[in-house]
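Note: hydrogens, waters and symmetry copies are ignored here, and every other heavy atom, side chains too, is used.
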Amino acid sequence: DLNLIDSDIHNNFRFAIRLEQSDEIDIFNNNIYNNQSHGIYGTDSNCSISNNSIYDNVGTGIYTYSYGSYLISNNVINNNISHGIRLISQSTADIVNNAIYENSSYGICVEHGSSVDIRKNKIYNNVYYGIAFNDNSLANIRDNIIYHNQHYGIYVPNGNTANIYNTIFWENSYNSIVFNGNGYIGYNCFSYNEAEGLGLPSAFGEVITVNANGDPADTWSNIFIDPMLTDIEGGDFTPLEGSPVIDAGSPDYLDPDGSISDIGLIYFDQGTTPPTINSISADNTSGSFPLPVQFYSDFSGPVTSFEWDFG
């Protein structure tokens with residue numbers, strides 16, 4: 001095992017960090033910048049890359065190749081000359097809770113049979129696509145906000161599969177999604193630009209019904225409306241009270257307050273209703289020592305633990 005923590009790694013002639021057939025590597029809380037190739041290059045490795053700032057590298061921020069498995073979480077990945085993250089040749093990754101922005105090509109590029117779970121990310125202001133796929137790759141994409149990318153928000157060509165849900169698309173320069181592959185697009189919020197492509201689900205974008213909140217939607221519960229977030233340009237993606245994204249996400253997922261999932265990166269906290277005590281009783285209330293007593297309780301609402309206080 002190897003931990004690389006709390007370092008500044010910069011101005012190297014090629015990669016800042018190169019991993020080959022490495023296992024159980026933890027790259028945590030580093031500044032990785034101004035290197036003449038990729039910030040992190042991994043091949044056939046298992047690695048956690050978290051809480052780093054990866055920026056101003058001449059190549060890609062994080063580049064993985066050939067069968068590796070990666071957890072990429074809580075990083076800031078920006079201003080790299082190529083992609084923010086690129087996975088190729090059957091790499092797998094969980095990409096969670098990162099800020100990926102202002103990279104000179106794609107925010108995330110997934111290629112050559114790679115498989116990825118992309119959730120809870122801010123992906124914005126990249127020069128080309130926010131997320132792009134190529135050559136039989138697979139992705140699940142949920143709970144993100146994808147905005148202000150200078151071409152498409154997500155590009156899914158033929159031969160690739162992407163399941164896209166619970167994501168907000170806002171003001172990408174061209175279409176939010178170009179979808180010529182396979183997969184699912186449901187429970188998303190589109191503002192200003194929608195989607196095109198031969199692989200779109202039947203009747204996508206035809207606002208002919210309402211969702212569970214009663215807002216106009218297509219048959220896949222996508223809505224095409226201002227998401228009413230606190231301050232998108234300022235980076236506060238919390239839904240305002242009355243926002244149409246509240247409880248408009250997939251019912252297969254719940255928010256921490258127990259409500260149906262919201263669309264987007266941040267959920268609107270509706271609070272947790274405290275339990276109601278209907279009754280508390282005991283089978284023996286008097287007698288001689290030692291007196292065994294069995295207590296009984298009846299509660300309504302969420303209860304996770306009990307604590308008795310006998311004074």
Side-chain angles (χ1 to χ4, degrees), residues 3-5 17 19 24-30 32 39-40 42 45-55 60-64 68-78 80 83-88 90-103 106-111 114-126 129-133 137-147 149 153-154 156 161-169 183-184 187-189 229 235-239 245 249-250 252-257 261-267 269:
N3 296 324
L4 179 58
I5 299 174
I17 300 170
L19 308 170
E24 302 300 328
I25 307 298
D26 187 6
I27 300 172
F28 177 82
N29 201 41
N30 302 285
I32 302 169
I40 299 173
S45 298
N46 298 308
C47 182
S48 173
I49 302 169
S50 60
N51 295 82
N52 302 284
S53 294
I54 304 171
Y55 60 96
T60 293
I62 300 172
Y63 185 109
T64 76
S69 179
Y70 302 85
L71 172 62
I72 301 171
S73 63
N74 301 298
N75 301 285
V76 177
I77 304 170
N78 67 292
N80 297 287
H83 311 300
I85 300 171
R86 186 180 186 188
L87 299 97
I88 67 174
Q90 302 185 55
S91 297
T92 63
D94 287 337
I95 301 175
V96 185
N97 201 34
N98 302 281
I100 303 169
Y101 63 95
E102 294 178 359
N103 298 287
Y106 309 151
I108 301 172
C109 182
V110 185
E111 299 184 87
S114 295
S115 178
V116 64
D117 189 3
I118 300 171
R119 62 188 188 276
K120 294 290 184 184
N121 299 283
K122 298 173 284 189
I123 303 170
Y124 63 99
N125 284 352
N126 296 288
Y129 310 141
I131 306 171
F133 299 90
S137 294
L138 170 66
N140 290 309
I141 302 169
R142 69 177 173 93
D143 301 333
N144 304 282
I145 182 164
I146 300 174
Y147 67 105
N149 296 287
I154 300 177
V156 185
T161 300
N163 300 307
I164 305 167
Y165 47 102
N166 284 24
T167 290
I168 292 174
F169 297 88
Y184 172 83
Y187 299 98
N188 301 290
C189 180
L229 306 183
D236 187 346
F237 309 113
T238 307
V245 303
S250 170
D252 292 339
Y253 299 92
L254 298 179
D255 286 330
D257 60 10
S261 63
D262 297 350
I263 299 173
L265 180 67
I266 307 295
Y267 79 100
D269 189 356

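- S45 has its side chain out of reach of I25: every pair of non-hydrogen atoms, C-beta onward, lies at least 4.5 Å apart.
- Here the side chains of D26 and S50 are in contact, with some heavy-atom distance below 4.5 Å.
- Rounding to the nearest 0.5 angstrom, the gap separating the OH atom in Y124 from the CG atom in N103 is 10.5 Å.
- Put simply, the side chain of I154 does not reach to within 4.5 Å of the side chain of T167, judged on heavy atoms.
- Within the 3.5 Å criterion, the main-chain N or O of N74 finds a donor-acceptor partner in the side chain of N98.
- F237 and Y147 have their aromatic ring centers within a separation under 6.0 angstrom.
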Given N126 and N149, is the side-chain hydrogen bond (donor to acceptor under 3.5 Å, both in side chains) satisfied, shown in steps? CA-CA 5 Å; N126 296 288; N149 296 287; 3.0 Å; yes
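- Panel note: side chain H83, backbone Y106; a donor-acceptor pair is recorded below 3.5 Å.
- Here the CD1-OG1 distance, from I40 to T64, works out to 11.0 Å after rounding to the nearest 0.5 Å.
- Residues N144 and K120 come closest through the heavy atom pair OD1-N, 3.1 Å.
- Among I72, I54, N51, L19, the one residue that satisfies the side chain to side chain contact (heavy atoms under 4.5 Å, CB included) test with I27 is L19.
- Looking at C189 and I168, their side chains come closer than 4.5 Å, going by heavy atoms from C-beta outward.
- In this structure, the separation between CD1 on I146 and CG on N188 is 8.5 Å, given to the nearest 0.5 Å.
- Judged by distance alone, the side chain of S261 and the main-chain N or O of S250 form a donor-acceptor pair under 3.5 Å.
- Two residues are said to be in side-chain contact when any heavy atoms from C-beta on lie closer than 4.5 Å; Y101 and V76 meet this criterion.
- Residues I85 and N75 form no side-chain contact, since every pair of their non-hydrogen atoms from C-beta on lies 4.5 Å or further apart.
- Side-chain N or O atoms of D236 include one that pairs as donor or acceptor with a backbone N or O of T238 at under 3.5 Å.
- Residue G249 comes nearest to N166 through the heavy atom pair CA-OD1, 3.4 Å, listed as atom of the first residue, atom of the second, then distance.
- One distance of note links OH of Y55 with CD1 of I77; it measures 13.5 Å at 0.5 Å rounding.
- S73 OG to N97 CG: the interatomic distance, rounded to the nearest 0.5 Å, is 7.5 Å.
- For the residue pair F28 and N52, the shortest heavy atom distance occurs at C-OD1, 3.5 Å.
- Taking OG from S53 and CG from N29, the interatomic distance works out to 8.0 Å, rounded to the nearest 0.5 Å.
- Listed here is the closest heavy atom pair of A162 and I141: CB-CD1, 4.5 Å.
- Within the 4.5 Å cutoff, no side-chain heavy atoms of F133 are placed close to those of T161.
- D117 and N140 are not linked by any side-chain donor-acceptor pair at a separation below 3.5 angstrom, with hydrogens and angles left out of the test.
- Taking each heavy atom of Y70 and I49 in turn, the nearest pair found is CD2-CD1, 4.4 Å.
- Under a 3.5 Å cut-off, the side chain of N121 and the backbone N or O of I100 do not form any donor-acceptor pair.
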